[in-house]
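Order of the sequence lines sets the chain letters (A, B, ...), proteins ahead of strands, with each chain counted from 1. Only heavy atoms go into these numbers, but all of them, side chains included; no hydrogens, no water, no symmetry mates.
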Number of protein chains: 2
Amino acid sequence: MKRVTIKDLSKFLSLSTSTISRALLNDKNINPETQKRVVEAAEKLGYKPNSTALNLKYGKSKNIGLVVPEMITPFSSKVLRGIQNVLDPLGYRVIITQSDENPLIERENLKLLEEFNVDGIIINLCHESLNEEVYKKLIENDIPIVFFDRIPGKSLQASRVIVDDQIKASLVVEHLINTGRKRIAHIMGPLTIRNVTERANGYKRIVAKYNLTDPDLIVSTEGMTFEDGRKAVQKLLDKNIHFDSIFAFSDTLAIGAMNYLHEQNIKIPEEVAIASFSGTELATIVHPQLTTVQQPLEKMGEAAAQLILEKIKDISSSDQTIIMETELIYRASTAT
Amino acid sequence: MKRVTIKDLSKFLSLSTSTISRALLNDKNINPETQKRVVEAAEKLGYKPNSTALNLKYGKSKNIGLVVPEMITPFSSKVLRGIQNVLDPLGYRVIITQSDENPLIERENLKLLEEFNVDGIIINLCHESLNEEVYKKLIENDIPIVFFDRIPGKSLQASRVIVDDQIKASLVVEHLINTGRKRIAHIMGPLTIRNVTERANGYKRIVAKYNLTDPDLIVSTEGMTFEDGRKAVQKLLDKNIHFDSIFAFSDTLAIGAMNYLHEQNIKIPEEVAIASFSGTELATIVHPQLTTVQQPLEKMGEAAAQLILEKIKDISSSDQTIIMETELIYRASTAT
DNA sequence: CTGAAAGCGCTAACAA
DNA sequence: TTGTTAGCGCTTTCAG
């Protein structure tokens, strides 16, 4: 069964294709009678507009690319949901690619998306600076690009969606202190990720304020996996560095750490309290449930989609940075 | 900066567009000299083929739709990875939609994908039968559709990718018995999902074989969330039904159950062993780690992609059902 | 109010 | 070996 086109309708009704088109588009220059006939015939024959033809006509692909570091945690899927909330009703398709935290794959993905003629790209970086020229070239080629969560350095001209990393990291650490913790370790991610520094700064500010600073308590990880979180606490333990609580950069790192603590029969939160940043479902499926900074992921996706739409409409519209509010959720992992 | 087209190249080199086209396509009827000039000019001016034009030309959208129940667990993203392994190099784009385990949303997604002119659809159902006519209509309209994991009833003519559900469910239960468990509970998902029955049958077969049958030990859940898993054990406990182990339909259900057991201070695996089916990373991030049947998710995605490609190439090619091998992974949750 | 024709970018007969 | 032309499905001037 071949697809029904406007031409088929035109033959069927002995009308020109332009009349059919006008009828279907609710053009004013059309006899209501004719319009009705066309619409009915379209319905009857099962006519569906061919979006490809339209895209060619208007020089758009109506594809938006999304690049994320991973989809193992629900983080990206939540953001995707937000993006689709905005973009689906407008007829945009979202093409998803995963970079696996690997800048080389990210680069490939970007290339792929460019070949796919996407009208814009929404991206969560896996490395702050390594592909900077690639982003620049994209922007030069008038392909709008919006960064969210893990963004590039300030020199890059583009819109961004982020959260109040530093402030909320401070609050988490302050919360740990308020519950009586004095030796607060920080598991930070790799330094090639921007927020890592932001959240670490929040941490440092507060421990300094309370005179609890100890550089030994900060462990940087190689990557962002559960395994990296494990290794981080293991390192602390192996080095015999005493700590009574942990603030981890992400849920993933925190959970990896928790698992190692469990295996060592270290009680959470009695012996070691633990808190993190992200706020995905993951925080609620471990035991004890994880205190974490909840990011409005779906809203972030919506905001990013909105920003990309603005850029698509007018490529020279000014860049915006949207900072979203997060919420600190207290759970059993830091209970007293 | 406007996109460079074949026309621009033709003007630039004073050649016809067809010559340009031929050069770019490595046609045999072309002077190597000319070819070289064209390729160089294309490079220099930054020519990129316009896929939309090609799609229109060939009557394809080169879009494949993917419909999954959720992306909270890594299940679907793993499958997606497999699909993309096959489809990306061929220039296909994958459009992802989530049905949230809601047949109505699934229906909307399908409608959306049809409007998007996808060349084919790969789908993991959220309800065995509710949207059957929709799938049928899609097939009638010559839109190839491949089902994986949760498939529809046999009456539907389409290719499928599944796993050896019943056999492996049996093995899990047998494993529990071998480790000395006698009161094995089964948390099954909603009966509207096909594999639920399959895995339950595997369970029933084995408990019957060992004379351990007790209908009270089977709990069906309303949905597939962590919460549903929680509620299931809670029900058993509230009813004072004694059990020393659990076989859960999925990792999600199992983890929900684990959490409730933890809260009730019931030791895993000492008091209650627990095993499940799925084999995502989720099984390894809880404590104790979960014994589970690992499905070759990436491979399943690849297989599904392959099947859809066959159908795209030849819509009348015969339907296939691929049954993939799974692997039972023993972990601490069922240790003795 | 309706029709004819051009054009979006590209390929593929058909001519030359 | 290269050029001319038609056409994929649709919208949109421009005529009528």
Can you check side chain to side chain donor-acceptor pair (under 3.5 Å) on A:Ser16 and A:Thr19, steps first, answer last?
-> CA-CA 5 Å; A:Ser16 76; A:Thr19 303; 3.0 Å; yes
Go through [options] for me and flag the one nearest to the [X] side chain.
{"X": "A:Leu54", "options": "C:dT11, D:dG3, D:dT11", "value": "D:dT11"}
{"X": "B:Lys57", "options": "D:dT5, D:dC8, D:dG3", "value": "D:dC8"}
{"X": "B:Asn29", "options": "D:dC10, C:dA12, D:dT1", "value": "D:dT1"}

What's the separation between atom [atom1] in [X] and atom [atom2] in [Y], rounded to the nearest 0.5 Å?
{"X": "B:Thr280", "Y": "B:Ile72", "atom1": "OG1", "atom2": "CD1", "result": "12.5 Å"}
{"X": "B:Ile121", "Y": "B:Ile308", "atom1": "CD1", "atom2": "CD1", "result": "8.0 Å"}
{"X": "A:Ser159", "Y": "A:Ile322", "atom1": "OG", "atom2": "CD1", "result": "7.5 Å"}

With a non-hydrogen cut-off below 4.0 angstrom, is B:Asn50 in contact with a base, only sugar-phosphate, or nothing?
-> sugar-phosphate
Would you classify A:Ser18 as touching base, sugar-phosphate or nothing, given that sugar-phosphate means primed atoms plus P, OP1 and OP2, and contacts are heavy atoms under 4.0 Å?
-> base
Using OP1 and OP2 only, check whether a side-chain N or O of [X] sits under 4.0 Å from [N].
{"X": "B:Lys7", "N": "C:dC8", "result": "yes"}
{"X": "B:Thr19", "N": "D:dG3", "result": "yes"}
{"X": "A:Ser16", "N": "C:dA4", "result": "no"}
{"X": "A:Thr34", "N": "C:dT2", "result": "yes"}
{"X": "A:Tyr58", "N": "D:dC10", "result": "no"}

Nucleotide [N], atom [atom2] - distance to [atom1] of [X] in whole Å:
{"X": "A:Asn55", "N": "D:dG9", "atom1": "CG", "atom2": "C1'", "answer": "11 Å"}
{"X": "B:Tyr47", "N": "C:dG9", "atom1": "OH", "atom2": "C1'", "answer": "8 Å"}
{"X": "A:Ile20", "N": "C:dG3", "atom1": "CD1", "atom2": "P", "answer": "8 Å"}
{"X": "A:Lys36", "N": "C:dC1", "atom1": "NZ", "atom2": "C1'", "answer": "18 Å"}
{"X": "A:Arg37", "N": "C:dC1", "atom1": "CZ", "atom2": "P", "answer": "15 Å"}
{"X": "B:Asn117", "N": "D:dC10", "atom1": "CG", "atom2": "P", "answer": "9 Å"}
{"X": "A:Asp27", "N": "D:dT11", "atom1": "CG", "atom2": "C1'", "answer": "10 Å"}
{"X": "B:Ile6", "N": "C:dG7", "atom1": "CD1", "atom2": "P", "answer": "18 Å"}

Would you kindly compare B:Ala53 and B:Pro32 by the position of their nearest DNA chain D nucleotide and give the one closer to the 5′ end?
-> B:Pro32
How do B:Leu56 and B:Leu15 order along DNA chain D: which one's closest nucleotide is nearer the 5' end?
-> B:Leu15
For the pair A:Arg150 (side chain) and A:Phe148 (backbone), establish whether a donor and an acceptor sit closer than 3.5 Å, ignoring hydrogens and angles.
-> no
Can a donor-acceptor pair under 3.5 Å be found between the side-chain atoms of B:Ser21 and the base atoms of C:dA12?
-> no
Correct closest heavy-atom pair for A:Val38 and A:Leu13 would be CA-CD1, 3.7 Å
